[in-house]
Every structure is written in C-alpha cells, then in structure tokens.
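One structure is given here, and the rest of the page talks about it.
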Amino acid sequence: MGLPAKNKGAILSKIATNDQHGENSEYFDGWKAYDKDPFHLSRNPHGIIQMGLAENQLCLDLIKDWVKKNPEASICTLEGVHQFSDIANFQDYHGLKKFRQAIAHFMGKARGGKVTFDPERVVMSGGATGANETIMFCLADPGDVFLIPSPYYAAFDRDLRWRTGVEIIPVPCSSSNNFKLTVEAVDWAYKKAQESNKKVKGLILTNPSNPLGTMLDKDTLTNLVRFVTRKNIHLVVDEIYAATVFAGGDFVSVAEVVNDVDISEVNVDLIHIVYSLSKDMGLPGFRVGIVYSYNDSVVSCARKMSSFGLVSSQTQLMLASMLSDDRFVDNFLMESSRRLGIRHKVFTTGLKKADISCLTSDAGLFAWMDLRHLLRDRNSFESEIELWHIIIDKVKLNVSPGSSFHCTEPGWFRVCFANMDDDTLHVALGRIQDFVSKNNNKIVEQISENDQVIQNNNAKKQNWRQSNLRLSFRRLYEDGLSSPGIMSPHSPLLRA
Amino acid sequence: MGLLSKKATCNTHGQDSSYFLGWEEYEKNPYDEIKNPDGIIQMGLAENQLSFDLIESWLAKNPDAANFKREGQSIFRELALFQDYHGLPSFKKAMADFMSENRGNRVSFNPNKLVLTAGATSANETLMFCLADRGDAFLLPTPYYPGFDRDLKWRTGAEIVPIQCTSANGFRITKSALEEAYEQAQKLNLKVKGVLITNPSNPLGTTTTRTELNHLLDFISRKKIHLISDEIYSGTVFTSPGFISVMEVLKDRKLENTDVFDRVHIVYSLSKDLGLPGFRVGVIYSNDDFVVSAATKMSSFGLISSQTQYLLSTLLSDKNFTKNYLEENQIRLKNRHKKLVSGLEAAGIECLKSNAGLFCWVDMRHLLKSNTFEAEIELWKKIVYEVKLNISPGSSCHCNEPGWFRVCFANMSEETLKVALDRLKGFVDGPSSTRRSQIEHQRLKNLRKMKVSNWVFRLSFHDREPEER
C-alpha cells in the first residue's frame, strides 16, 4: 500500500532504507533453510541442525534451580511482591545499586578473581548490541574509523556502523599464524587508514574471539594497550565470552593489563570494556549489556545514553540477587567451564574422525573449522558458498561460512556446539562422519576397480580421501544446487 | 582531534536544563514523611503511583507468571534464550488489545504492526532514526516534554522546530501556528520530515481535540510529511471530553487506503498508564510495513527483557484485570487531580483546565516579579529552595510565555500532597518577611491571650473555628 520502495527513500530516512543493517546478505539462507525444516530429535530427526547460533544452553538448569530456590528475588512471588511497586517504579539510569555491585562482583569472578571492577563504572545497555553501539556514539563521529581484526562477529557491521555512521576497517588475520592478532598488523592497518586521510578513533576487538574462540595472550594485549596509548586512540574490548573459557584456559582481561602495566604506558581514558550476560550465563533474553569504561566522561555519556536501553528493573533485581550469591556463582562458573570443555572436546574429536581439523581454541561456544581441503577452488569464496550450501542441503547442518565474518581466506566455517543437547550433537557429528565416509567409499571403490594405485600409507590415503572428497563435492556442485533466495524472517544477527 | 565524539561533549542530551537540576536538588534533600519532613517534595516526576495495589493483588492470584510457568510447565529456558526482535507473540497481542481497550475499542491494532522497544524513550528515538536524516526537522507544539530534546535530537542529529502555542486559546494547535512553524524551518534551511504531538499532552494534561487532529492530518497530507502521535498518557484520561486517538480520526475520515495513513505512527508505553517505568516497555505502531521492518531491526539496540514480556503478557491478557484497572486508575487520578486543583485554588493559583495526565499546568504568572523568563526561574528557585517543592518551570518545556509550571500529583501519597499544598499556600499567603512577622506576632498574641485567660475563656474557646484555635 502506498508508495513503492523507491519513493520510500524520499519519505523515510537514509538509515531506514539503506542496507547497513546487514540483513539482506545471502548468509541468511542457512537460517531460512533451518526455519523451514528445523531438527527435532523425535519430531523431525531429519531436519536441519542449527549450528550457526552462538548460544550457551549448557547450564540453564543451574540457573533455573537457583530461581526456584530464591523466590524473594522475583517481584511476582509471594515472598518478593512487597518489592513490586518500588521496582516497577525504578527507572533511574544509574541502575539498582545492588545490581551494579553484583555485576562488578561477577565480572571479577568471571575473570578468575584477578581483577576487581568498580560498580560506579558499570553502565547498562540493551545487551552487548546496545553497548557496542553506545560506545561508538561516545567515542566517534560519523565518518570516523575504528579498526577491527578480522574475522569478526558479523553483526558488528550493523552494531558499530548502522546508526552511528562510523566506518570500520578490518585488520586481516590469517591462518599462516593461526589468526593471531599482532601489533604489527594493527599498526599497518592504522598507517594505511591514515594514508587515505581517514580519522582513526580506535581499535575494537572481541576477546575471547568470535568466531575464532582464541584468546589474546598477555604480552600481545599489553602491547596493544601501549600501542593505543602511543597513538592516542581508543581500545574497546568486547569481553562477552570471558567466562566461556574451558577448564584449563587462562583468560587475560584488558582490566588485568590496565592494573599491571606501568602507569606511564597506559592512558586509561582510552580503555573500555563491553560485557554482557548473554553468553557467559546463557541469558540473551534478559538483555543485560554493560559498558565499563575507565574514562569518567565516557561513563557519564554512556550512562545518559543508557536511557535508550536500560535493563528491566525486574531483571536487575533478580540478577542482583543471583550474582551476589557467591556459592551459586562459584559453582556456576566452574560447572559451565567444565561442561563447555567436555562439549568442545567431544565435538572436535568427532570432527577429527572425519579428518576435519579446527583451529586450536580455549574458549567460546563454537569451533573454527578448517574445510579448505573440501573447496573446489581454494582461492575462491564462490567455492566456499557452494560448499556451504552443500552442508546445509546434504549434511543438513546450518553452519556459518567464514566470509560472513569477513575472513580473508576461503574455507573456514564457524560451528556452534553449545546450543544443543548431547544427543543432537551426536547426531550432527554422525551426519558429518557419515557424509565424509560415504562419499569416500564410493570414490575409493570406483578407483580400486579402475586403478591399482592404492597405497597403504596413511598420509597418502588421507590425501586420496581429501581429493576424492573434493571430487565428490564437485559432483554435487555440478548437480546445480541452488539456494533459496529469500531472507529468514528472524534476525539471525541477533543470534550470531 | 577531540578524544570523544561530539555527542559526548555537547549538551544536546539536555541534562543541564533546569528540568533536571530540580531533580538533583531533590536527590540531595528528598522529603520523607518521617525521616525528612523538611525535605524537598518531588512534584517534577510524572509517575503514576496510584494503582500498584491492583497489580500486586493480581500477582498474588497468578503465581504462574511469577514462576516462569505457562500452564504449570516451566518455560524458564525458553524465556532465558528468547531474544527474537519480533517479540513474544502473546505479549504483542496483549499489547495490541490493551491499546484498543484504551481507545474504547473504537480502533483495533494489528500485533504485526507493533514494534517493541525499551521504553517510549527508545521508541521516539528509533522513529527519528527511521524517518529523519541528520539535520532534518520535526515540528513539535510547545510546551513539550523536556526529554524530547534528548530523545529526538541527540544521537539522531535531527532538529526540533517549535509550533508555538499560547494561553490565549488554551495552548491549542492552530492552522496558522503549523504554517508558521513550517516556514520557520524553511527559513532555517531545515527539511521538515514530520510533526510530533503528545496526546494527551505533556505538560498540559489536555487531550488533543478532533479539530486539532483534523488540522494536523490535513497539514501532513498537504506537506507529505509524517505524524507521530505519542499516546503514552492515553490511559490517564479521567474525565470528559475523553481521548480521541489520531487512529480514530483516520478511520472516521476513511483515510485507511491513502498515503497519509502510512505516514501516521503511534508511540505507546506502560510507564504512565500502568505505572511501570522500571520495566522499560515501549511500543511503536505504524501502518507502514517498511517503517515497522526498519524499526524492528533497530529494536535490537533496546529489546524488552523476555521475563518482563512474559509477565506482562499474562497480566494484560487478563481482560477482567485490564478493564477493572483502567476504570479504577481513572477514578483515582480524577480524585487526585481534584485535590491538587482545589488546593491550588485555595492558594489563589489557577491551572489550565485538564482532563488527563499525571500533572497540572499551573498558572503562576501573577506571582512573577516581571513578565520574563528570568523572573520565572527566580520564582522557580524560591519554590525549590524555600518552599521545598520540585516543580518544573515552563521554560524547561519550551513554553513561550513565562510563568507556567508543571506540577505532578500522582507520584506521592495523599498526605504528602497535602503537605505540599500547605507549603505552597503558606508561601503565597506570606511572601515577605514583614507579612510573616505580622502573622507570627498575631499568633503570639493569641497564645498569650489564651494563657492568661484560659480559665476564663475555656468555654467560649470551643466555639471557635478550628483554624483559630
């Protein structure tokens, strides 16, 4: 009804009509396919398994249990309703004091108790989505640039740029050094940006990394802090995956570096942390985002902006109580870390059986899977997308292609493993293994009939398998698989 | 190069305005009946604290909502994971129905055209991002809610051009005022993208008349611009003439299939009607699917907590509750409004005649030393610091006539309101020290009289009026 889309541009804003929200990208074909045919263990065992969703579903039972045992933390129960009117009325953008204290306390625990956080610097936002946008509004003007190591979380294109007008320039990381971020790489990107007359306001990174699942070592992080201080640009570290470190891993928060490094080498006014409970606690529905800055003006500005995305007071109350319960938190963090570690091991071991390796990682809710050997053309992103469609349509898994994370090398895929139960994970692994071996055997049989060059050497066998697999994939490519062109009705960006 | 953004260092957030300074003073010295009876009484806060008991008793009868259960089954996990920006369908349906109910079911709302946001604050900002580019303007009738300066302009870069309304005609929006505002924007080289009204009005407390709504629709139709109607106070209408939503007028004028229909958008929230500002529940309703789609994507930056969506979906789906609540709430608001108005009258102060809202638009022009905004601020400071009432000066609402103040009445107990009115009366009756010492002298005289001749006059003492005792 009304004007056609073209004319809409004259009536609506540029922001409303441009594509910068990122949702028109082809990457959401996988979601569309999943939505049409979602896997269910009993009801739809042949459906597509969702492995593109970085959610932490492993420890919700612990939280549910706590909620049941603590009715006073709710404003709706008999035990808690006396707080109803005060809480329902409370919209102070400072947030409930005990909420801020509980968050600061939890943030410290999630970092192994190595640093403490000041509740006065805890500022609320509408999830980490809101936090990242807010920090951009505070630090950069339209047209300013932030550097960001790639591969990076796909939705940053929207969160950091869409309404802020900020530009992001990637600092590409490559498999040649296991995608490690180096100060040299940042410096190079910085210089290049300056040469093009761009105003670089800072560097933003996710640590632990999405999609890699790796963590920055203390030296590199320290050198990055020194680098930004020298250049007088900001450093924003999104630590949303801080507590998804598997048992044994050692996460170094930028807060630790700020504490430890010599005062002459760090300008704390440049250091900012984004945090959330969506991954560590698996509570994305509650919309708890945090901006934590060492810069007083930024705290003040972000706090005023938090009016656009405050945490529901009902939720603040519940979490204030939950996160102050040390026994619960200690047990939760330990258990979560343990379960994630097991899950990660089961998954990566299962992949190995199919001769698929992943980037070595210690954290996150996903693995960075290396499927370069399966590409028709190792240098082509079209090949990656073709392979991806095969995985969706034939293996029936929704995984995320590396190009959606702006990876500069084709063939890498992010696969999530914490958003399903054990049975589903086994089904997924089974499908991968089946698919790989089925296609292997077919080819091997054919070849043994026609050609006597089968070696018993394991390495050669592996090579054969891989190249034969590539052949079988090529056959599939040539079968003319096409992808559905319409976008998923849900925003996958939310869940990415 | 500035370290922070321009937004961080400018003051478009508006928090240096007197509106917020009064709050700060209140925070430093807040009134408490027992603990701080001489503190500042907060009358600058448009909150509805009158009807919590109704919600609390509903909660007592509906434990499932509290315990993350639906029909006895736990849905904790689903809620914890639910972050779909389309929102909980049952909640959107309940909201759409509630909005209809608020309008006497004279219009109906389609849940698919509803976008959930973190409060009306976020809804208004989001609509700006959807409808206006940086530097574009929206026209707003004055006086208007001070928070609009932040919500509509700060991060969006949009501009506000006032539609001047005056006491000469009860601050109604006239055709000529609309045209003048439009011309003013053109003079300033600003592209006007729309008009935003608050209906019922904050700070006036009046509902927009059908005539005004017709003028507005004609105007936006001619200029091919948008109309945003912030109807956050729609459930606070307590007496005639009653609430008319712009949606009704569109329906009555059979404009549903025209261009203008797509350019009318409503903002709503549960912060005023239900008194739940802490829950951050805002809504954008648009007839334009494109706007709904864009706003839905933007809502990612401020979704409503799933546990809150669930609680409210069960609350608002209970039609018995909503019917009873709306009626009872209106009765209480009406009574409270009456108390404030008569209390002010007793102090010789008049208000703009109003039928809605959580405040009165009070006329203190006769108390000004001069017809200037400086005098208004001087009077305001006296009221905050000496009378110890935090009220909002009209200038903070961009009123173009000095001497008007917004005084809230629904965010305190009845006793506190009485204390506030007594203080105000005291201030008005005895503004100078001479006058005060005269009163004091008289009081002492009376006391002395009573002491000396107590045993003589005891009988006649009881015949006197209470005030004279």
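Keep in mind that the numbers below use all heavy atoms, side chains included, and drop hydrogens, waters and symmetry copies. So you know, we letter chains A, B, ... as the sequences are listed, proteins then strands, and number each from 1. All of these numbers come straight from a predicted model, not from anything done at the bench.
The shortest heavy-atom contact between A/V67 and B/F76 is CG2-CE1, 3.9 Å. Heavy atoms only, all atoms of each residue included: A/A16 and B/C130 are closest at CB-O, 3.4 Å.
Proximity of B/L3 to A/N295: side-chain heavy atoms (C-beta onward) are separated by under 4.5 Å at one or more points. Residues B/E47 and A/Q91 are in side-chain contact: their nearest non-hydrogen atoms beyond the backbone lie under 4.5 Å apart. Side-chain contact between B/D151 and A/F308: present, with at least one pair of heavy atoms (C-beta onward) separated by less than 4.5 Å. Between A/K64 and B/F68, every side-chain heavy-atom pair lies at or beyond the 4.5 Å cut-off. You'll find the side chain of A/P284 reaches within 4.5 Å of the side chain of B/L81, heavy atoms only. Put simply, the side chain of B/F301 reaches to within 4.5 Å of the side chain of A/D159, judged on heavy atoms.
Contacts with chain A were tallied for B/M298, B/M128, B/Q49; B/M298 has the most, counting heavy-atom pairs under 4.5 Å. In terms of non-hydrogen atom pairs under 4.5 Å with chain B, the most contact-rich of A/G130, A/A302, A/A140, A/G127 is A/A140. Among the candidates A/D269, A/I63, A/N419, A/N89, the residue making the largest number of heavy-atom pairs closer than 4.5 Å to chain B is A/N89. Chain A forms more heavy-atom pairs under 4.5 Å with one residue of B/P277, B/G282, B/G157, B/G302 than with any other, namely B/P277. No other option in B/G194, B/A80, B/S293, B/A118 has as many heavy-atom pairs under 4.5 Å with chain A as B/A80.
Distance alone, capped at 3.5 Å, places no donor-acceptor pair between the A/H234 side chain and the B/L4 backbone. For B/S5 (side chain) and A/F137 (main-chain N/O), a donor-acceptor pair under 3.5 Å exists by modelled atom type. With B/R77 contributing its side chain and A/Q57 its backbone, the two residues share a donor-acceptor pair below 3.5 Å. Side-chain atoms of B/D133 never come within 3.5 Å of backbone atoms of A/S13 as a donor-acceptor pair (strictly under, hydrogens ignored).
Using a 4.5 Å cut-off between heavy atoms, A/L270 contacts chain B through its side chain alone, with no backbone atom that close. Residue A/P142 touches chain B through its side chain alone, counting heavy-atom pairs closer than 4.5 Å. A/V288 does not touch chain B: none of its heavy atoms, backbone or side chain, sits under 4.5 Å away. Using a 4.5 Å cut-off between heavy atoms, A/M305 touches chain B through backbone and side chain atoms alike.
Listed by chain and residue number, nothing satisfies the salt bridge (Lys or Arg N to Asp or Glu O under 4.0 Å) test with A/D157 (two or more places apart in sequence, or in another chain).
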Using side chain to side chain contact (heavy atoms under 4.5 Å, CB included), reason through B/R280 and A/Q314 one step at a time and then give a plain yes or no. CA-CA 10 Å; B/R280 313 316 300 145; A/Q314 172 191 21; over 6 Å; no
Test side chain to side chain contact (heavy atoms under 4.5 Å, CB included) on B/K7 and A/C138; report intermediate values, then the result. CA-CA 7 Å; B/K7 284 181 195 65; A/C138 290; over 6 Å; no
Run B/I304 and A/S312 through side chain to side chain contact (heavy atoms under 4.5 Å, CB included) and show every step you take. CA-CA 7 Å; B/I304 302 176; A/S312 167; 5.9 Å; no
Stepwise side chain to side chain contact (heavy atoms under 4.5 Å, CB included) test for A/R287 and B/Q83: CA-CA 8 Å; A/R287 312 315 303 148; B/Q83 55 172 334; 3.3 Å; yes
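In this pair, A/F84 and B/F279 present their aromatic rings perpendicular. The plane angle is above 60°, beyond the 30 to 60° band.
How far CH2 of B/W154 is from OG of A/S307: 7.5 Å, rounded to the nearest 0.5 Å. Here the CD1 atom belonging to A/I15 is positioned 7.0 Å from the CZ atom belonging to B/R134, to the nearest 0.5 angstrom. For the atom pair B/K224 NZ and A/I11 CD1, the distance stands at 8.0 Å (nearest 0.5 Å). Here A/L12 contributes atom CG and B/L127 contributes atom CG; the two are 10.5 Å apart, rounded to the nearest 0.5 Å. In this structure, CZ in B/R155 is found 13.0 Å from CE in A/M136, a value given to the nearest 0.5 Å. From A/F90, atom CZ reaches atom CG of B/L276 across 15.0 Å, with rounding to the nearest 0.5 Å.
Within the structure, salt bridge (charged side-chain N to carboxylate O under 4.0 Å, His left out) pairs that include any residue of residues 68-93 of chain A comprise A/D65-A/K69 (at least two apart or interchain).
Other residues, nucleotides and ligands place no more than 12 heavy atoms under 6.0 Å from the CZ atom of B/R70.
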